[in-house]
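Heads up, the thing below is written out as structure tokens.
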Amino acid sequence: MINVTDIQVMKPLLASHGFHFSKAKGQNFLIADWVPRQIAEDAGVDRTAGVLEIGPGIGPLTQQLCLRAGKVIACELDERLKPILGLTVGEFDNLEIIWQDVLKTDVKALVAEKFAGLRPMACANLPYYITSPILSALLEAECFDSVTVMVQKEVAQRIAAKPGSADYSAFTIFCNYYAEPEILFDVPAHCFLPQPKVTSAVIHLKVRENRPWDIDDEDIFFRCVKASFAMRRKKLSNGLASGFPELGKEGAAAVIVECGFNASVRGETLDIPDFAKLANAIAKRRAK
Ligand code: SAM
């Protein structure tokens, strides 16, 4: 197997194919062999797993996934990588590469088609310019057991943040609604070529089998979360009144008190059960 994380191997391999890194496609390739190994290990990939990899690049993580998984589907946007991947991962018969934009892919249908009888997982060193849309699509597809991805460290911290902290955001709640996040380890910038400006981190999202909240209307729940964080430095009643104009200022204040919160509470201190309570109260009011 070609050691693609060895810079002495990688550089001539890329040069012989006239390949130049595309910043626009978020191409920072791994040059530390412990990283892809650790990701595949910590994700719990084994023969029972069907793994969707996003952005194989020249295949360091793909190799480690193929060595462990029942099947791997790798989705790559950049067709210039075709001949290189042919050399670096061509030997694996449990691998299929699909040459398309993951954001234009029906992930749920792909998983149903390719991973029958396997435990679906997603694993990736994500292109950072589209981390949030990819993660959102993977979680909303509701078809994976887990999602293990490398992202910017600050994004990982945002995903795993606790209520009331500076990193806590609407995206925190979105991710925690679907999954239980755990930051696994940091990856310094010198582990990549070219070096990114930031430290990275690998985060494991164990998808929830059951969500332990009664939420009457998912749409209202997420609108409520968004509205609360849109004005995070202001009182929650202001955010709710602007996110749900039909409530008006008085209605928004009444909902907050009715749910047992202090009238001057700020949205950034609330957890998922709190938002569920608020959203259900709003839904009830709208139904009247
Ligand atoms: N997995 C390789 C590694 O760890 O060295 C490469 C990771 S690099 C950070 C991100 C990869 O995602 C690149 O190969 C890039 O071409 C690919 N990519 C970028 N946007 C994509 C998209 N919308 N759909 C699929 N792949 C994409």
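Values reported hereafter were calculated over all heavy atoms of this structure, with side chains retained and with hydrogens, waters and symmetry mates removed. Counting convention: from 1, in listed order, for ligands and their atoms alike.
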- [ ] Would you mind checking which non-hydrogen protein atom is closest to atom 9 (C) of ligand 1, with the distance to 0.1 Å?
- [x] G26 O, 3.2 Å
TODO: Looking only at protein heavy atoms, identify the closest one to atom 4 (O) of ligand 1 and say how far it is in Å.
DONE: N125 ND2, 2.7 Å
- [ ] Determine whether more than 12 heavy atoms belonging to other residues, nucleotides or ligands lie under 6.0 Å from atom CD of E250.
- [x] no
Open item on the list: Side chains of S200 and Y128: any donor to acceptor distance under 3.5 Å?
Closed with: yes
Task: Step-by-step side chain to side chain contact (heavy atoms under 4.5 Å, CB included) determination, W34 to C191 - done: CA-CA 10 Å; W34 65 271; C191 292; 4.2 Å; yes
Open item on the list: Starting from atom 23 (N) of ligand 1, what is the nearest protein heavy atom, named by residue and atom, and what distance separates them?
Closed with: D101 OD1, 2.8 Å
Task: Shortest protein contact, atom 6 (C) of ligand 1 (heavy atom only) - done: G55 O, 3.4 Å
- [ ] Flag yes if more than 12 heavy atoms outside K206 fall under 6.0 Å of its NZ atom; otherwise flag no.
- [x] yes
Open item on the list: Ignoring hydrogens and geometry beyond distance, is a side-chain donor-acceptor pair present between Q195 and N28 at under 3.5 Å?
Closed with: no
Task: atom 27 (C) of ligand 1 [closest protein heavy-atom partner, distance rounded to 0.1 Å] - done: L77 CB, 3.7 Å
- [ ] Would you please say whether a donor-acceptor pair under 3.5 Å links the side chains of R158 and T172?
- [x] no
- [ ] Could you walk me through whether Y177 and F221 pass the ring-ring contact (aromatic ring centres under 6.0 Å, His included) test, one step at a time?
- [x] CA-CA 10 Å; Y177 176 80; F221 172 78; 5.4 Å; yes
Open item on the list: I need the nearest protein heavy-atom contact for atom 24 (N) of ligand 1: residue, atom name and distance, please.
Closed with: V102 N, 3.0 Å
Task: Check: D78 N/O within less than 3.5 Å of ligand 1 N/O - done: no
Open item on the list: For atom 20 (N) of ligand 1, tell me which residue out of F192, Y129, F29, W99 has the closest non-hydrogen atom.
Closed with: Y129
- [ ] Take every heavy atom of L126, measure it against each atom of ligand 1, and state whether any distance is under 4.0 Å.
- [x] yes
Task: Residue and atom name of the nearest protein heavy atom (relative to atom 2 (C) of ligand 1), distance in Å to one decimal - done: P56 O, 3.3 Å
- [ ] Quick one: do F192 and F29 satisfy ring-ring contact (aromatic ring centres under 6.0 Å, His included)? Show the steps, please.
- [x] CA-CA 5 Å; F192 302 87; F29 292 175; 9.9 Å; no
- [ ] Please name the residue in the list I2, V89, N3, T5 that meets the side chain to side chain contact (heavy atoms under 4.5 Å, CB included) test with P60.
- [x] T5
- [ ] Using a strict cut-off of 4.0 Å, indicate which atoms of ligand 1 neighbour a heavy atom of Q100.
- [x] 24 (N), 25 (C)
Task: Any donor-acceptor N or O pair under 3.5 Å, side chains S264, N262 - done: yes
Task: Atoms of ligand 1, numbered as shown, that sit under 4.0 Å from any heavy atom of N28 - done: 7 (C), 8 (S), 9 (C)
TODO: Give a yes/no verdict on whether any heavy atom in L103 is under 4.0 Å from an atom of ligand 1.
DONE: no
TODO: Can you pull out the closest protein heavy atom to atom 5 (O) of ligand 1? Residue, atom name and distance to 0.1 Å, please.
DONE: L30 N, 2.9 Å
Task: Option of least heavy-atom distance to atom 14 (O) of ligand 1 (set: E76, M150, M10, E53) - done: E76
Open item on the list: Within the structure, is a non-hydrogen atom of L61 found at a distance of less than 4.0 Å from ligand 1?
Closed with: no
